[in-house]
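Scroll down for the structure; my scribbles are underneath it.
None of the values given here were measured: they were computed from a predicted structure.
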Amino acid sequence: MDTRENLRNIAIIAHVDHGKTTLVDQLLRQSGVFRANEAVAERVMDSNDLERERGITILSKNTAVMFQDTKINIVDTPGHADFGGEVERILMMVDGVLLLVDAFEGCMPQTRFVLKKALGLGKSPVVVVNKVDRPGARPKEVVDEVLDLFIELGADDDQLEFPVVYASGRDGYASNDPDQPGADMTPLFEAIMKYVPAPKGEMDAPLQILFSNIDYDDYVGRIGVGRVERGSVSTGQSIVLCQNDGSTRNARVTKLYQFEGLKRVETKTAALGDLVAVSGITDLNIGETACSPDCVEPLPFVKIDEPTVSMMFMVNNSPFAGKEGKFVTSRNIRDRLFKEVETNVAMRVEETESSDTFKVSGRGELHLSILIETMRRQNYEFQVSRPQVIMKNIDGKLHEPIELLMIEVPDSYVGAIMEKLGTRKAELINMGTRDTGTTHLEFRIPARGLMGYRSEFLTDTNGNGIMNHVFDCYEPYKGDIQQRQQGSLIAHETGEATGYGLWGAQERGRLFIGPGVQVYEGMIVGASPKSEDIVVNVCKKKHITNTRASGSDDALKLTPPSIMSLEQSLEFITDDELVEVTPKSIRLRKMILSKEQRMKKQARAK
């Protein structure tokens, strides 16, 4: 068995917003990747627009730094469980993980999720308690919480002896003592060198590369990113690709790249343990193995967790269809969705009986909404239905997905939270108080019960609460859950919304649009406080007369509209409503636009 002592492969795993990407920035800076006068953006690894806007990592990315004579390959992974498919497959490429935990917040649901995957695959952990300079930081208690979590997740004896490094990613230092700030990141580099094992394997054996990621380049096409598990590879080498369906085919490595800093650098050869990018293999998929022709042995790939939420993507058939988007046909939408599945392994796309409708399943509402947002930025126009949880039939009984929900709220809001979650079939499993006057609550709740709850939660806590949830397991169906209490305000006719029409409509409820917005019959323009839908005429114009009366010509005062984001729109709609998504607009509408036809359908249902 050969060992490559001058190489380390690590993944950084953590909950959302615990500082992974900021920490990687500092590791890159202090290892000399950037020139002294180089202008570098914050969170340099969050490279696409959506990641920068939302401040979260969505896609796994590779980088590499040098410490003394050793190359450290680093994989930055998403923290949100909806992108867990990215984390699971990336763990196949590394030998150890840096588990990053916030010194104030401690262990959160996604920390549990990614750590469980890493421990199950036998990876060596290094715990980094980040943000030790934060007011209210409690690093020692957090280390105890992490130990409890390791025990709960069934870590073996070696994993329980994890080293701890205390760091401030923002200020760029690490230390072995929580009370002593360090000077730079050297203690963290030294912990990686000491506790993360070097790659081991057979250097002179026939080649094996397991592909865990797919990249794309406009010039060279598909690029497979993977790890050399055995032997070595060189440019121009003939290989046999073992595909996911069990078949094999011949291919050739036309170009070979390794990672240096933020760049892919072309190289002639790579050996055992190296993380490489390979171009020239057409139709390459995640989980496939490249082997030497004289020894074809495919490697097993990690099992990706099944999707828990689905929604229908359909061709836009509203009166405004085709006005704003470039790709509007069912063929355009179908091609784009099936292209997404090639790289997004946790997503599923199924064709339905209707040629204009596709069922898309993912790990959560955020997972699907990121796809929707990406497609609309690529000039696609389509409609989506309300997200539905995916039920399973186990031993003849209906089972549904259960989520683990963690909430941090000021003490005064606990009663309102308990009351709302009680009606949504939530079960309290843990409760504790913090020194800062906040209460920590843990619930187990059906995934159905969480749909549409986030906006209610923010209202109930005046924006002071933090909630996070992660899929836990499937359990027997919990019974009906009362969903949205509000009805919708629906436009009466097609035209342009006027100030006068909106002034009359705003007494009926909360409006989503302002004056000058084009609307059509059946479009949802607001929320009604009552449970039934109300049709309003927002296009109504004031009749001009030559009669004047005191007070009738006062300026109309309009309440500013509530502009709905994509996630809020998906949470708001009910089963008979759709979200119309175009590059320029997000509109809510009824499935049946005509008021008469809706009333006939309701009468038939009764």
Do side-chain atoms of H492 reach the backbone of I490 as a donor and acceptor pair under 3.5 angstrom?
no
Less than 3.5 Å apart, any donor N or O on the side chain of S488 or E577 sitting next to an acceptor on the other?
yes
Whether the side chain of Q506 engages the backbone of T559 through a donor-acceptor N/O pair (distance < 3.5 Å, no angle test) should be reported.
yes
Below 4.5 Å, heavy atoms only, C-beta onward: do N250 and P293 meet side chain to side chain?
no
Taking the side chain as every heavy atom from C-beta outward, state whether L256 and V233 have any atom pair closer than 4.5 Å.
yes
Whether T357 side chain and T352 backbone form a donor-acceptor pair below 3.5 Å:
no
If you count heavy atoms of other groups shown closer than 6.0 angstrom to CZ of R264, is the number above 12?
yes
Would I74 and I12 count as a side-chain contact (heavy atoms from CB on, under 4.5 Å) here? Give the steps.
CA-CA 7 Å; I74 302 172; I12 299 191; 3.9 Å; yes
Heavy-atom distance under 4.5 Å between the side chains of Y453 and K420, does that happen here?
yes
Flag for S369-E567: side-chain donor and acceptor within less than 3.5 Å:
yes
In terms of relative ring orientation, are F320 and Y520 parallel, tilted or perpendicular, with 30° and 60° separating the classes?
perpendicular
Rounded to the nearest 0.5 Å, how far does CD of Q258 lie from OG1 of T267?
5.0 Å
So, the side chain of R598 versus the backbone of L593: is there a donor-acceptor pair under 3.5 Å, distance only?
yes
Whether the D575 and Q388 side chains hold a donor-acceptor pair (N or O, under 3.5 Å, no angle test) is what I'd like checked.
yes
With a cut-off of 6.0 Å (strictly less than), are more than 12 heavy atoms of other residues, nucleotides or ligands near CE of M391?
yes
For residues K478 and I402, determine if any side-chain heavy atom of one lies less than 4.5 Å from a side-chain heavy atom of the other.
yes
Please check if the side chain of R386 supplies one atom and the backbone of T574 the other of a donor-acceptor pair under 3.5 Å.
no
Could you check, using the six-membered ring where one of them is a Trp, whether F313 and F382 have ring centers closer than 6.0 angstrom?
yes
Under 4.0 Å between a side-chain nitrogen and a carboxylate oxygen: does that hold for E381 and K323?
no
Quick one: does any side-chain atom of Q568 pair with a main-chain N or O of S565 as donor and acceptor, under 3.5 Å?
yes
Would you call E496 and K541 a salt bridge, taking side-chain N to carboxylate O under 4.0 Å as the test?
no
Taking the six-membered ring for Trp and the full ring for Phe, Tyr or His, determine whether the centres of F512 and F572 are under 6.0 Å apart.
yes
One thing to verify: whether E229 and R227 come together as a salt bridge, which I'm taking to mean a side-chain N less than 4.0 angstrom from a carboxylate O.
yes
Strictly distance-based, threshold 3.5 Å: is any side-chain N or O of S385 a donor or acceptor partner for the main-chain N or O of L578?
no
Check against side-chain hydrogen bond (donor to acceptor under 3.5 Å, both in side chains), R589 and N317
CA-CA 11 Å; R589 54 161 286 187; N317 60 1; 2.7 Å; yes
